There are 2 protein chains.
Amino acid sequence: MSVSQIVELLKNHGLKITPQRVEILRFLQSNRIHPTAQQIYEHVLSKVGSVSFTTVYNTLHTLEEMGQVKKIAISESMAIYDIDTSDHGHFVCTVCGSIYDINYKVKMNLPGTVQRTELIVYGVCSQCSDYLQHNV
Amino acid sequence: MSVSQIVELLKNHGLKITPQRVEILRFLQSNRIHPTAQQIYEHVLSKVGSVSFTTVYNTLHTLEEMGQVKKIAISESMAIYDIDTSDHGHFVCTVCGSIYDINYKVKMNLPGTVQRTELIVYGVCSQCSDYLQHNV
DNA sequence: ATTACTGCAAAACCTTTGCAGTGGT
DNA sequence: ACCACTGCAAAGGTTTTGCAGTAAT
């Protein structure tokens, strides 16, 4: 998504175009690392020169309400933000911290109707297990 | 699990028997509500008369290390604790907050080896949807 | 008697909120 | 010129840590 498309997106939702908002969206869209608010803050600060956590959280909340971003609790102390709002799970490497998207199919009996499903798999990614195999 | 079995469990792991520890384990085992640290604190306070968050968290960490308790992040601000450490997922009712255990089978392609899997389904439980259907 | 455990108080951490000032429209 | 947005500073909620006193062995 280009900057002009980001600008369009913001305009279409009646939002003002600010450098912080544009850079937050650009970051989420170009680096699919599933960043934390902290990582977004650091990136935008380095690019735009001025940003606050207030603005980061404000923007993320706005984007969540717009349905443009999903917030995922990978731990009880932190959320990550995913610009891919389609149905998918996450693989978290407990060695390097990388987060991979995963596709899955689940079979289950539920005591009610579903709103959303979150699957998080913790493990060691191939890169890390290769590395460990050759170096430990 | 009886109190004497709880005492055995603690002894077998070289831990001292304190009223707080016994009551935390009793609570986790008798009420399978998947409590938060806050709920455990309140319960133990009402039963034992004296407890602190320090002790609640100390005990939960010890039990986690012993593999007797699983910590689950149902939101980014809070953890719940589950004495059932077997492989299962959770259904969280977004109306009443109840947490149900669910069994599931999942098919997926993974970019590494699995350590543990966490499935959380958010939705409305039958009780709440029945209630809503008749009263709204 | 020893030392593990409890619990207070303070800190750490992430996120939210109040409010004044700035900047996009 | 308007008012949405930014950002500081302070507060909120959950969890952790330091340390002194207490209680289980």
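Just so we're on the same page: letters track the sequence lines, and every chain starts at 1. No experiment lies behind these values; they were computed from the predicted model shown.
With sequence neighbours excluded, the residues forming a ring-ring contact (aromatic ring centres under 6.0 Å, His included) with B:His34 are B:His90, listed by chain and number. By the salt bridge (charged side-chain N to carboxylate O under 4.0 Å, His left out) test, A:Glu23 is found to be paired with A:Arg26, residues two or more places apart in sequence or in another chain being considered. In this structure, the salt bridge (charged side-chain N to carboxylate O under 4.0 Å, His left out) partners of B:Lys71, at least two apart in sequence or on a different chain, are A:Glu76. Residues that satisfy the side-chain hydrogen bond (donor to acceptor under 3.5 Å, both in side chains) test with A:Gln115, not counting sequence neighbours, are B:Thr94. Listed by chain and number, the residues in a ring-ring contact (aromatic ring centres under 6.0 Å, His included) with A:His13 amount to none (sequence neighbours excluded). Residues passing the ring-ring contact (aromatic ring centres under 6.0 Å, His included) test with B:Phe53, sequence neighbours excluded: B:Tyr41. In terms of the ring-ring contact (aromatic ring centres under 6.0 Å, His included) criterion, residue partners of B:Phe27 (sequence neighbours excluded) are, by chain and number, B:His43.
Per the geometry, CD belonging to B:Gln20 stands 18 Å off P belonging to C:dA4, to the nearest Å. As a whole-Å value, the separation of B:His13 NE2 from C:dC5 P is 13 Å. As rounded to whole Å, 18 Å separates atom P of D:dA4 from atom NZ of A:Lys11. If you measure from atom CD of B:Gln39 to atom P of D:dG13, you get 16 Å, rounded to the nearest angstrom. Following rounding to the nearest Å, B:Tyr41 (OH) and C:dC8 (C1') show an atom-to-atom distance of 11 Å. Rounded to whole Å, the distance from CG on B:Leu15 to P on D:dA24 is 14 Å.
Of the side-chain N and O atoms in B:Thr55, none sit less than 4.0 angstrom from OP1 or OP2 of C:dC5.
Defining each end axis of the helix from C:dA1-D:dT25 to C:dT25-D:dA1 as the rotation carrying four pairs' C1' atoms onto the next four, with five pairs an end, the two axes are found to diverge by 20° to 10 degrees.
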>> At under 4.0 Å between heavy atoms, how does the protein contact nucleotides 14-24 of chain C? Give one character per nucleotide, 5' to 3', with B, S or -.
In response: SSBB-----BB
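Between the side chains of B:Thr55 and B:Ser52, at least one donor N or O sits under 3.5 Å from an acceptor N or O.
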